[in-house]
Amino acid sequence: MRNLLHTFYGKLSAVFLILLVAMGIALTAITLRTSSRYIAEVDQRLNLGLAGDMASEIEPFLGDTIRYENIEEAIHYMMVMNPKVEIYLLNAEGRILSFFAEPGKTVQAKYVALKPVKQFLSGERKTPTLGEDPRQPDKRKPFSVSPLSLGENESGYLYIIIGGEQYETAAQMVMESYIVRTTLTGLLITLGFTGLIGLILFAFLTKRIRRMSKTVKSFEQRNHEARIDVTSEDEIGQLGESFNQMADTIVANMEDLKRTDKLRRELIANVSHDLRSPLASIQGYLETILMKEASLPQEKRKQFLELILNDTQMLNKLVHELFELSKLEAEETKPSVEPFPIAELIQDVVMKFQDQAEKANLSLSSTLPSNLPMVSADIAMIERALSNLIDNAIHYTPAGGEINVILTRDTGWIQVAVEDNGPGIPEEDLPFIFERFYRGEKSRTSKSGSTGLGLAIAKKIVDLHDGTLSVNSTLGEGSTFTFKLGIYDGE
Ligand code: ADP
């Protein structure tokens, strides 16, 4: 029971039932009060002229001396007709001169208040006008009254209490009055029915809240699939919807954290691996040079030193690219966007790689439409991204191949494409080539200064310019890397 009262349903039902009982008590009180006034009113209305009739009956017996025996006889006859009445003879001040009722009844009061009497006689009465019952001075009852002359100079009243002892208590009234009994039973049934419907309704409404709380608990206990079944658009439905959205966000954030953590661990593993191999080879060559100091032919020594230089260059590149990528990923480097002519930048970068391309026996050219507008971008960053793409193309395209950097104008955009007719990228590699440290089969096996960071850096740069770096590649035919830059709109 205590537990039930701690639930929302319990509290709601308790308040509801208390309200219903209070309402029941108030309605019962009102019903009893109006019923008793109604009965009093009916009694009074039916007996309005009773005192007047009786007065004319007994007036002959009143004179200088009041002939009580005769009066009693007359009254007795009337009381046979209407046994519930109690009859009082009052003087002008309201003093009780005589009293007629069923035998055995006693009267406590000596006076009757005349205010209601006068009100009754004035004709301005509102029914029921209730007067004092001399037998029970604290109770007011319906009455009938008539003025009466008690002799030559004296006047008085014939005061009749109607239905003197009728409905003394509420319980008695309920027992005896059909209307009151029926009204109260109806009230009881209505309240009982309302109570029952209310409890069922509350149970139904709170069931959704209970179900919701169960789901939330289940989610809290690491069942991250748990979602609230939203079936309506009311406040409870909206709450459920909000919880579901919150749960989705929490799950997504957790996935993000897990992924970042995995990436971080992979990064450490990759970095240590990539640092270890050149360092080991440097150490190996240096040890050989030191050990064989005198016996090592000049030629060999030069070759070893060149290899060492190669490895240190590789280390330098790796550390530099790592630093660059981590700065880009931490979003420390924000692009400092400015308008510049993209065609000129392409020409400069192509020129920069021309030597390298010639050495690899490749043709490197650019296709630039005339009158191109300026683009808005970070010139240094775009140069870096372009260099990485051209460097890759030179690196992976076999001798005799062709590399072309093509600019095309679009509405609001200029598209930059670096196209080669190299070996292409295997389909299974395509989804991963933009990930850091991802190297295709060839780069992994050949020791060619590949870090697996070039495309990751280029992609990050394009991302920072709100663009997408995409690739189109067919095995044996070549690859094309494209991205778009926004045209400078003069603002
Ligand atoms: P890497 O230092 O290995 O070049 P990148 O991030 O620049 O690292 O490139 C990732 C991988 O994508 C490369 O290892 C290579 O397999 C593939 N790749 C990139 N550019 C080309 C290209 N133009 N032609 C063929 N394969 C490419």
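One-based numbering, in listed order, for ligands and for the atoms of each.
- Closest heavy-atom contact between A360 and I394: CB-CG2, 4.4 Å.
- Taking every heavy atom of G452 and a limit of under 4.0 angstrom, the matching atoms of ligand 1 come to 1 (P), 2 (O), 3 (O), 6 (O), 8 (O).
- Residue D420 has at least one N or O atom closer than 3.5 Å to an N or O atom of ligand 1.
- Heavy atoms of I425 found under 4.0 angstrom from ligand 1 belong exclusively to the side chain.
- Under a 4.0 Å N-O distance rule, the pair D463/K460 does not qualify as a salt bridge.
- Nearest heavy atoms, L130 versus R140: CB-CB, 3.6 Å.
- Of all the heavy atoms in S473 and I425, the pair that sits closest is OG-N, 2.7 Å.
- Listed by number with element, the atoms of ligand 1 under 4.0 Å from a non-hydrogen atom of F481 are 20 (N), 23 (N).
- Not a single N or O atom of G424, backbone or side chain, sits closer than 3.5 Å to an N or O atom of ligand 1.
- Not a single heavy atom of G422 lies less than 4.0 angstrom from ligand 1.
- For K302, the NZ atom counts as loosely surrounded, since its 6.0 Å shell holds 12 or fewer non-hydrogen atoms of other residues, nucleotides or ligands.
- Interface atoms of ligand 1 facing Y438, defined by a heavy-atom separation under 4.0 Å, are 10 (C), 11 (C).
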Note to self: Under the criterion side chain to side chain contact (heavy atoms under 4.5 Å, CB included), I'd like the reasoning laid out for E383 against K352: C-alpha separation, chi angles, the key distance, then a yes or no.
What the structure shows: CA-CA 11 Å; E383 181 182 354; K352 187 174 85 182; 3.4 Å; yes
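- Near T451, meaning under 4.0 Å from any of its heavy atoms, are these atoms of ligand 1: 2 (O).
- With respect to R436 and E329, a salt bridge is recorded, a charged nitrogen being found less than 4.0 Å from a carboxylate O.
- Among F434, Y396, F437, the residue whose heavy atom sits closest to atom 24 (N) of ligand 1 is Y396.
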